[in-house]
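Beneath this line is the structure, given in structure tokens, with notes to follow.
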Amino acid sequence: MKHSVLEQALQAIEASDKRLMQLLTLRRQLAMQLAQATPGQEVLPSLDERVAAVVSRLAPGNPGPLNQQRLASLFEAVIRLTEPRCSTLAARNGAAKKG
């Protein structure tokens with residue numbers, strides 16, 4: 001019985017990982033569309049401002065277990081990796097390229 005529960009949990013995690021990848025890919029595509037629709041827009045909110053906006057929008061519905069600080073860390077990474085302007089800046093600043 002334990003083995004079956006373990007297998008089910010692992011399969012659920014794998015399915016969740018796949019869904020996360022799909023959502024991150026979608027976010028990247030949407031961010032690219034936005035960047036193309038607003039070329040040359042010089043006045044952009046900072047990364048910190050965008051993270052704060054996301055966290056303030058999501059925090060009221062956050063069921064946990066991530067507190068606001070972890071939510072902010074997570075979305076900082078998501079934004080940095082999926083938004084073209086952030087990933088370009090990160091690459092220019094010597095950040096390791098992945099994916």
Side-chain angles (χ1 to χ4, degrees):
M1 181 76 116
K2 273 189 176 182
H3 187 65
S4 176
V5 171
L6 179 61
E7 284 181 13
Q8 289 176 352
L10 289 172
Q11 288 175 356
I13 287 173
E14 289 173 6
S16 176
D17 290 344
K18 184 176 181 178
R19 184 69 179 134
L20 282 170
M21 183 183 64
Q22 292 168 340
L23 290 170
L24 290 169
T25 299
L26 175 61
R27 191 184 196 289
R28 173 66 179 193
Q29 291 167 346
L30 294 171
M32 294 289 287
Q33 288 177 9
L34 183 62
Q36 290 171 355
T38 56
Q41 184 178 357
E42 296 300 321
V43 181
L44 296 172
S46 70
L47 176 61
D48 289 341
E49 291 170 326
R50 291 196 311 282
V51 169
V54 170
V55 171
S56 67
R57 192 172 59 244
L58 296 178
N62 180 11
L66 299 177
N67 62 26
Q68 283 193 4
Q69 183 179 1
R70 288 184 180 203
L71 197 62
S73 294
L74 174 66
F75 275 96
E76 179 179 350
V78 167
I79 290 168
R80 197 178 293 275
L81 294 171
T82 61
E83 291 189 6
R85 291 179 180 112
C86 286
S87 55
T88 300
L89 288 173
R92 278 193 220 146
N93 291 331
K97 280 188 171 183
K98 294 183 181 178

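Model, not experiment: these values are computed from the prediction.
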Handout entry: Whether Thr25 side chain and Met21 backbone form a donor-acceptor pair below 3.5 Å
Key = yes

Exercise for the section: Please check if Val51 and Leu34 belong to a single hydrophobic cluster, counting links between Ile, Leu, Val, Met, Phe, Trp and Tyr side chain heavy atoms closer than 4.5 Å. Expected result: no

Exercise for the section: Determine, using the 4.5 Å side-chain heavy-atom cutoff (strictly less than), whether Val55 and Leu58 are members of one ILVMFWY cluster. Expected result: yes

Fill in the blank from the handout: So CD1 of Ile13 and CG of Leu20: to nearest 0.5 Å the spacing works out to 11.5 Å

Problem - Charged N-O contact under 4.0 Å between Arg27 and Glu83 - result: yes

Practice task
Specify the closest pair of heavy atoms between Arg28 and Leu81, including all atoms of both residues, with the distance to one decimal.
Solution key: NH1-O, 4.0 Å

Which pairs of donor and acceptor atoms, one on a side chain in residues 68-75, lie under 3.5 Å apart (sequence neighbours left out)?
from, atom 1, to, atom 2, distance (Å)
Ser73, OG, Gln69, O, 3.2

Handout entry: Rounded distance [0.5 Å steps], CD in Gln29 versus OG1 in Thr82
Key = 11.0 Å

